[in-house]
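Please read the structure below before turning to the comments.
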Amino acid sequence: MPKIEFEGSSAGRAKIVDRPEGGDLLDICDDVLAPIPFSCRSASCATCEVKVLEGIEFFEPPNDDEADLLGILGKKDHRIACQARIRSGGGFIRLRAVAVGPPVAAP
Ligand code: FES
C-alpha cells in the first residue's frame with residue numbers, strides 16, 4: 001500500500017496518507033492540506049519544491065515544465081509538487097518542503 005509522508009514545516013503539521021491510486025501530487029496536497037506551500041501552480045516559481053527523502057522511484061518522470069525548472073534548480077532528488085505525479089501501486093514516499101522552515105514550536 002503506497003504511503004506518502006509529508007514532514008512537518010512552518011506551513012503545517014506532518015501528515016501520512018495512503019494513496020494506492022497515485023495521481024497528481026498537487027491534488028493530493030490539496031486534499032490532505034499537506035504542509036507544502038504553493039504559489040503559481042504552473043512550474044514557474046519553485047515555491048512548491050520538495051526534497052524526496054525516500055521513494056523517488058515511485059514518481060512518474062517529470063513533464064517538460066517540471067524538468068525545465070528542476071534543471072534550473074540543479075538539485076538531485078527534488079521534485080516540483082505542482083507538477084509531479086505519483087505512480088499507482090506500492091511504495092513509501094517521504095517529502096520535505098524546501099521553501100519553508102521547520103515546524104514552529106507551540107508557545
Ligand atoms: S507553485 Fe510555483 S512552481 Fe509549483
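All ligand and atom numbering here is 1-based and tracks the order in the structure. This structure is a prediction, so every number in the text was calculated from the model and none was measured. Start at 1 with the first residue, then count along the sequence.
Cluster annotation: Leu25 is not connected to Leu70 through the hydrophobic network of ILVMFWY side chains, with a link wherever side-chain heavy atoms come within less than 4.5 Å. When the side chains of ILVMFWY residues are joined at heavy-atom separations under 4.5 Å, either directly or via intervening members, Ile80 and Ile36 end up in two distinct hydrophobic clusters. Linking ILVMFWY side-chain heavy atoms closer than 4.5 Å, directly or via other members, places Val52 and Val98 in two distinct hydrophobic clusters.
Shown in contact with Arg41 at under 4.0 Å from a heavy atom are these atoms of ligand 1, numbered in order with element: 1 (S), 2 (Fe). For ligand 1, the atoms sitting less than 4.0 Å from at least one non-hydrogen atom of Ala43 are 3 (S), numbered in the order shown with element in parentheses. In the vicinity of Ser44, heavy-atom distances shorter than 4.0 Å reach the ligand 1 atoms 3 (S).
Residue-level proximity to ligand 1 for Ala46 is carried by the backbone, the only part with a heavy atom below 4.0 angstrom.
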Next on the checklist: Using salt bridge (Lys or Arg N to Asp or Glu O under 4.0 Å), reason through Arg85 and Glu60 one step at a time and then give a plain yes or no.
Outcome noted: CA-CA 5 Å; Arg85 283 188 58 81; Glu60 298 284 353; 5.4 Å; no
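Residue, atom and distance of the protein heavy atom nearest to atom 4 (Fe) of ligand 1 are Cys48 SG, 2.3 Å.
Using a 4.5 Å heavy-atom threshold, the side chains of Leu53 and Glu7 count as touching.
Put simply, Cys40 gets within reach of atom 2 (Fe) of ligand 1, with an N, O or S atom under 2.8 Å from it. Atom 2 (Fe) of ligand 1 has an N, O or S atom of Cys45 inside 2.8 Å of it.
Between the Asp24 side chain and the Leu26 main chain, no donor and acceptor come within less than 3.5 Å of each other.
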